[in-house]
Amino acid sequence: MSVDRAILLCDVSGSTPLYEQHGDERASQMVHDCVEGMLEIANRRGGEFVRTKGDDVLCLFENADRALIAAKEILDYGTAGSVSVHGGLHYGTVLWRGTELFGGAVNVAARLSGRSKDNEVLLSGTFVDKIAPSQASELRPMGEMTLKGTEVPTEIYALLAPDEDGMTRLVAQPEMLNLKRRATETGVVVTLRFDGKTHTLREGEEIKIGRSPECTIVIAEPWISRVHATMTVRGGLVEFTDRSAGGCSLTFGSTIDFFIRRQTVALTGEGSIEMAGAAVGTALPRVHFDITAA
């Protein structure tokens, strides 16, 4: 049976560090309580529970406005507790086969959730078209993204938790804080250089840097995290996020401006990123970047 539904996928953020910080028993209870809280909110707002895979919740809604309200309340719930959450919202056709759910729309919701940050739900333009105009006033346009497994860029909007905005989660130089997002139509191109290879990044695309062979830029050092950092272009803004234990040093021109660890920074102009975390005296790998208008 196929039906058209709003698809909400919410996930606990950073569950792996929770286990490292609190131990298995305490962390598993925290994740369990968070998942139960998300389920209760979705159910209260008319959501139809589909499944949970440990630390995420997938629900369907006949009404897109109710799905958005549920997403807002789940973000509120996350910021009020000890565990933060993130998620994705899409609207499309889903196919039931027994107790299993299939369809490209489910994959889009999952991709959006995977791209979202802590205390953020990303919404597709298809979903936003289904909600009342008054509901859309709280959403932030993020431009277009090309999601994994798709060829056509998807218009994206962001729903942030209360007291969260893009700049509170961006660490930047003073002049960067006044940086206006370039229009998506103009866009930017990021050129990255490492180990004799050149990579380009455009609107809606993401590059991963780390030890894992699945990363775009692979740094095969034991002290580099599997995914040490990511870089994304969203709405004309280049966002670099450190996801490692060791951190990164950011250089603009010839001066090291600041060091970040598990934070996001807005990049502009040209410079380099040094992957930290090695023993003192070890030569640190450096990725050079150059950001220009498309």
Side-chain angles (χ1 to χ4, degrees), residues 6-14 38 41 56-57 59 61 64-79 84-92 105 107-148 150 153-172 176-177 179-185 187-188 201-206 230-241 243 262-267:
I7 307 153
L8 173 62
L9 178 63
C10 285
D11 200 348
V12 174
S13 299
M38 292 191 290
I41 291 170
D56 68 11
V57 172
C59 293
F61 294 78
D65 289 321
R66 285 183 174 273
L68 181 59
I69 292 171
K72 292 177 183 178
E73 293 182 355
I74 285 173
L75 287 180
D76 292 346
Y77 174 78
T79 54
S84 60
V85 299
H86 61 274
L89 262 173
H90 182 54
Y91 193 96
N107 295 332
V108 171
R111 301 300 185 198
L112 291 171
S113 180
R115 283 289 190 95
S116 63
K117 299 179 180 180
D118 294 358
N119 304 319
E120 176 186 73
V121 174
L122 292 182
L123 308 86
S124 68
T126 305
F127 175 86
V128 174
D129 289 341
K130 297 292 183 179
I131 63 176
S134 58
Q135 294 272 37
S137 62
E138 300 180 42
L139 305 180
R140 172 176 295 174
M142 302 299 290
E144 292 184 336
M145 290 186 192
T146 302
L147 302 175
K148 184 177 180 179
T150 65
T154 303
E155 189 72 24
I156 304 296
Y157 296 79
L159 172 67
L160 302 175
D163 301 323
E164 287 279 338
D165 58 42
M167 300 314 293
T168 61
R169 295 182 289 111
L170 294 178
V171 181
M176 284 184 179
L177 297 177
L179 180 66
K180 294 184 179 180
R181 289 183 178 271
R182 298 173 177 85
T184 302
E185 294 77 14
V188 297
L201 185 67
R202 293 180 172 81
E203 180 66 40
E205 297 178 341
E206 179 184 64
T230 59
M231 186 179 294
T232 308
V233 181
R234 304 203 299 181
L237 185 66
V238 181
E239 298 181 4
F240 175 81
T241 300
R243 302 181 181 277
R262 293 182 178 174
Q263 294 172 293
T264 299
V265 59
L267 300 182

Stepwise side chain to side chain contact (heavy atoms under 4.5 Å, CB included) check, V121 with K72: CA-CA 9 Å; V121 174; K72 292 177 183 178; over 6 Å; no
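Taking every heavy atom of both residues into account, I41 and A70 meet most closely at CG2-O, 3.7 Å. The shortest heavy-atom contact between M231 and F240 is CE-CD1, 3.8 Å. For L112 against G88, the heavy-atom pair with the smallest separation is CB-CA, 3.9 Å. Contact between A105 and I7 at its shortest, heavy atoms only, is CB-CD1, 3.5 Å. Scanning all heavy atoms of the two residues, the minimum distance from A110 to L9 falls at CA-CD2, 3.5 Å.
Listed for the E205 side chain is a donor-acceptor partner under 3.5 Å among the backbone atoms of R202.
Note that CG of L123 is 9.0 Å distant from CG of L8, once rounded to the nearest 0.5 Å. Note that the CD atom of E206 and the CZ atom of R234 stand 9.0 Å from one another [nearest 0.5 Å]. Note that SG of C59 is 14.0 Å distant from CZ of R66, once rounded to the nearest 0.5 Å. With values rounded to the nearest 0.5 angstrom, H86 atom NE2 is found 11.0 Å from L75 atom CG.
Proximity of I131 to L139: side-chain heavy atoms (C-beta onward) are separated by under 4.5 Å at one or more points. Side-chain contact check for F127 versus L68: some heavy-atom pair is nearer than 4.5 Å.
Evaluation of the side chain to side chain contact (heavy atoms under 4.5 Å, CB included) rule for T241 yields K117, T230, R243, T264 as partners, not counting sequence neighbours. Listed by chain and residue number, nothing satisfies the side chain to side chain contact (heavy atoms under 4.5 Å, CB included) test with D129 (two or more places apart in sequence, or in another chain). Residues satisfying the side chain to side chain contact (heavy atoms under 4.5 Å, CB included) test with V233, not counting sequence neighbours, are V188, V190, L201, E203, V238.
Tested against M38, the residues D56, D11, V57 include a single side-chain contact (heavy atoms from CB on, under 4.5 Å) partner, V57.
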